[in-house]
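What you are looking at is a predicted structure, and each value in this text was computed from that prediction instead of being measured. All values below were derived from every heavy atom in this structure, side-chain atoms included, with hydrogens, water molecules and symmetry-related copies excluded.
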Amino acid sequence: MHGEYKVPGGKLVVVDLTVEDGSLRDVRVAGDFFLEPDEALLDINRALEGAPADAPAPELAARIDAALPEGTVMFGFSSEAVGVAVRRALAQATDWHHYEWQLIHDGPQSPALHMALDEVLTAEVAAGRRPPTLRVWEWASPAVIIGSFQSLRNEVDPEGAKRHGMTVVRRISGGGAMFVEPGNTITYSLCVPDALVQGLSFADSYAYLDDWVLGALEGMGVKAWYQPLNDIATEAGKIAGAAQKRVVSGDGAVLHHVTMAYDIDADKMLDVLRIGKEKLSDKGTKSAKKRVDPLRRQTGLARDAVIERMVASFRGRYGLADGAVTPEEMARAEELAATKFSSEEWTARVP
């Protein structure tokens with residue numbers, strides 16, 4: 001069995017092993033990481049030899065930590081990362097390079113249609129009828145997108161939304177509210193096979209699926225990092241939030257979508273969203289205006305240029321062919337947009 005795990009912001013860890021009578025055998029750890037002393041690699045292999053094949057990653061990491069000599073330096077990886085690579089080997093997880101990725105970047109569409117496209121395209125990936133897909137959104141109108149489990153009345157001021165002409169829709173993933181204005185927002189979705197994140201915890205999958213965009217931002221001079229559970233942050237403030245939805249039908253798939261602040265009208269946002277004091281204190285700030293630091297200021301680039309560089313970074317890493325929503329997919333999405341995502345029943349399902 002072979003497993004790989006690219007540490008977000010770090011190095012690649014590779015594990016080859018077999019399983020005999022429920023235990024790990026012939027374990028060999030490799031990668032482009034740095035480790036001192038040299039002999040510590042043998043200690044890592046020996047620590048994993050004979051470990052239960054059903055041991056979770058933290059338990060495997062604890063075995064490694066107990067076996068490493070004092071003063072060991074692990075740079076670009078960790079014992080936990082080795083444990084994750086082992087779990088991915090046992091789960092027969094796939095890697096980004098195993099797929100032919102497709103890009104969808106269409107013209108502006110309504111908020112309800114965006115919600116529907118996420119649901120339809122992810123289901124198509126789960127069914128094996130669509131390759132893994134990166135979809136870049138263009139917004140036809142301003143909107144507030146609330147998480148699947150959020151209370152509508154607690155999150156959105158209806159008078160503020162009406163005053164600023166903002167549509168309110170509910171998405172299928174959890175997480176918090178998204179404040180969207182067409183020229184100020186960059187949004188993308190990843191619809192990926194479940195096999196890509198096998199062996200990763202729910203939290204680890206966020207960091208794993210966000211790693212490529214951190215590299216893209218670095219190429220634009222923005223030093224960003226994953227901030228658990230679902231934020232992308234810089235020293236100047238938050239720039240993006242992510243959310244996920246798992247599809248269990250077919251072979252399974254994961255919807256991972258991210259909204260990034262290219263620019264922001266903070267006063268308008270505060271007039272529309274009901275951002276509670278508890279949420280602000282949890283983020284360690286006193287003002288919602290200071291929580292978000294837009295990409296426009298940090299990069300000095302036009303919005304289209306930021307998107308182009310993001311897409312180019314993904315293509316350079318994993319390959320990316322231009323694609324399109326099929327007529328059948330669009331017909332299903334338009335139906336869902338009208339019957340589900342535009343309905344009061346769905347939008348107010350958590351009043």
Side-chain angles (χ1 to χ4, degrees), residues 1-99 125-126 128 132 190 192-212 226 228-229 244 246-254 256 318:
M1 298 178 181
H2 178 87
E4 298 185 2
Y5 177 56
K6 168 65 168 61
V7 179
K11 298 296 184 178
L12 179 68
V13 180
V14 181
V15 175
D16 292 282
L17 55 84
T18 60
V19 175
E20 295 179 11
D21 300 324
S23 298
L24 306 186
R25 301 295 179 193
D26 302 320
V27 181
R28 295 292 179 269
V29 176
D32 60 356
F33 49 76
F34 300 92
L35 176 65
E36 294 291 347
D38 234 42
E39 298 76 19
L41 185 61
L42 298 177
D43 294 319
I44 292 174
N45 291 337
R46 282 193 288 263
L48 295 172
E49 194 72 21
D54 60 356
E59 182 179 324
L60 298 172
R63 292 175 68 105
I64 294 170
D65 290 337
L68 289 174
E70 187 176 353
T72 297
V73 177
M74 306 172 78
F75 187 73
F77 79 123
S78 65
S79 55
E80 179 77 17
V82 177
V84 170
V86 170
R87 296 309 320 164
R88 285 177 60 76
L90 294 166
Q92 300 183 32
T94 56
D95 180 70
W96 296 83
H97 297 92
H98 292 164
Y99 301 104
V125 171
L190 284 170
V192 306
D194 186 65
L196 183 64
V197 297
Q198 280 297 304
L200 299 176
S201 69
F202 192 78
D204 285 341
S205 71
Y206 273 83
Y208 185 69
L209 294 175
D210 282 338
D211 188 55
W212 72 273
Y226 163 72
L229 171 63
Q244 286 187 7
R246 305 295 173 106
V247 174
V248 297
S249 61
D251 291 329
V254 178
H256 179 93
Y318 309 125

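- The stretch residues 83-95 participates, sequence neighbours left out, in these side chain to side chain donor-acceptor pair (under 3.5 Å) pairs: R88-Y208, T94-Y99, D95-H97.
- Rounding to the nearest 0.5 Å places NZ of K11 at 14.5 Å from OG of S78.
- Atom-to-atom distance recorded for R46:CZ and I64:CD1 is 13.0 Å, nearest 0.5 angstrom.
- The side-chain heavy atoms of R246 and V197, taken from C-beta on, include a pair separated by under 4.5 Å.
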Using atom types as modelled, flag every donor-acceptor pair under 3.5 Å from a side chain in residues 66-77 to any protein atom, sequence neighbours excluded.
unit_1	atom_1	unit_2	atom_2	d
T72	OG1	P69	O	2.6

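- In this structure, the side chains of V125 and V247 stay at 4.5 Å or more apart for every pair of heavy atoms.
- Counting heavy atoms from C-beta outward, L60 and L24 have side chains that approach closer than 4.5 Å.
- Taken from CE in M1 to OG1 in T18, the straight-line distance is 8.0 Å, to the nearest 0.5 Å.
- For D251, the side chain to side chain contact (heavy atoms under 4.5 Å, CB included) test picks out no residue, with sequence neighbours left out.
- Residues passing the salt bridge (Lys or Arg N to Asp or Glu O under 4.0 Å) test with R25, sequence neighbours excluded: none.
- W96 contributes atom CH2, which lies 8.0 Å from atom CG of D211 (distance to the nearest 0.5 angstrom).
- Of all non-hydrogen atoms in G3 and A89, the two that sit nearest each other are N-CB, 3.4 Å.
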Ignoring hydrogens and angles, write down the donor-acceptor pairs under 3.5 Å from the side chains of residues 30-40, residues two or more places apart or on other chains.
unit_1	atom_1	unit_2	atom_2	d
D32	OD1	L12	N	2.7

Given the rule in the side-chain contact (heavy atoms from CB on, under 4.5 Å) test, do V15 and Y5 qualify, once you have shown the distances and angles that lead to the verdict?
CA-CA 9 Å; V15 175; Y5 177 56; over 6 Å; no
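- Nearest heavy atom pair, residue G83 against residue A57, reads C-CB, 3.7 Å.
- Screening residues 51-65 for side chain to side chain donor-acceptor pair (under 3.5 Å), with sequence neighbours left out, gives D65-S79.
- Using a 4.5 Å cut-off on side-chain heavy atoms (C-beta onward), L17 and L90 make contact.
- Side-chain contact, N45 with E49: no donor N or O sits under 3.5 Å from an acceptor N or O.
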Would you please test V13 and V7 for side-chain contact (heavy atoms from CB on, under 4.5 Å) and show each step?
CA-CA 7 Å; V13 180; V7 179; 4.3 Å; yes
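- The CG atom of D204 lies 7.5 Å from the OH atom of Y226; values are rounded to the nearest 0.5 Å.
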